[in-house]
Every structure is written in C-alpha cells, then in structure tokens.
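Residue indices begin at 1 and follow the sequence shown. All values derive from a computational prediction rather than experimental measurement.
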Amino acid sequence: MQNSYIYIFVMAAVTYAVRVIPLTLIKGKTENRFLKSFLYYVPYVTLAVMTFPAILLATESPVSAAAALVIGIGAAYAGLSLFYVAAGCTAVVLIFELFIVREVLFLIVGF
C-alpha cells in the first residue's frame, strides 16, 4: 500500500514537471522553424502511437483490423468525413469477420 502512494506521487511530479518546466524555460516566442515544426506535430504523433496498437487488437482477427486500417487511411486521404471513414472501416471489419476470416479458418483448420 505504501508503494502505491509513492507511485502516485512520482506520476504527479512528472506530469507537473512536464507542464511547468517548458513554461519557465521558454519566455519569448520561438523563432526556430525546426522546433516550431517539431512541436506542431507532437500531438499527432502521440495520438497515432497510442491508438495504432489498439486498432490492430480491436477486432477478432488482425487481418480484418489491418484491412480496415488500410481502407480508413485511403478514405481519409480521399477527403471523406469522419463518419464515412468510420462507417467504411466498420463495414470492412464486418465483411472480413463474417465471411473472409471464417472461410480461411475453415479451409486451414477444417471447422
């Protein structure tokens, strides 16, 4: 039980430090183009790193998840709205899970 409080304190200190230290060290406006570009893309990269493993493990089969990921990336690149991207990915997973993955497992395993 004592270790739990230590873990909570360390997590709180790290979270606080990550937010306060940049505010105290960087006083003026950042003029460096590389640093500005880097800081611009950090939230997108963080979101991608957190969600990518969940995408591949969210379905019963990684094959259907990978197919939905490819379709989702293509639909988003084509400029479709979030609703259509999500609906397309859901349809791909449904088709793969109901028809393709079961047929392949039946052919391989025999049940």
Kindly compute the distance separating CG (Leu47) from OH (Tyr44), expressed to the nearest 0.5 Å. 9.5 Å
Separation between CD1 (Ile95) and CD1 (Ile71), nearest 0.5 Å, reads 9.5 Å
Shortest non-hydrogen contact from Cys89 to Ala68? SG-O, 3.2 Å
Pairwise distance CZ(Phe52) to CG(Leu57) - rounded to 0.5 angstrom: 9.5 Å
Once rounded to the nearest 0.5 Å, what's the spacing between atom OG1 of Thr59 and atom CG of Leu69? 10.5 Å
Where the side chain of Ser37 meets the backbone of Arg33, is there a donor-acceptor pair that is under 3.5 Å apart? no
Could you tell me how the ring of Phe38 sits relative to the ring of Phe34: parallel (under 30°), tilted (30 to 60°) or perpendicular (over 60°)? parallel
I'd like to know if Val14 and Ile8 are part of one continuous hydrophobic network [Ile/Leu/Val/Met/Phe/Trp/Tyr, side-chain heavy atoms within less than 4.5 Å]. no
Between Ile73 and Ile55, is there shared hydrophobic-cluster membership here, with clusters defined by ILVMFWY side-chain heavy atoms closer than 4.5 Å? yes
Linking I/L/V/M/F/W/Y whenever their side-chain heavy atoms sit closer than 4.5 Å, directly or via other members, would Val63 and Val92 fall into one cluster? yes
Within this structure, what is the OG-CG distance for the pair Ser64 and Leu94, rounded to the nearest 0.5 Å? 10.0 Å
For Ala86 and Thr90, the nearest pair of non-hydrogen atoms, with its separation, is O-OG1, 2.7 Å
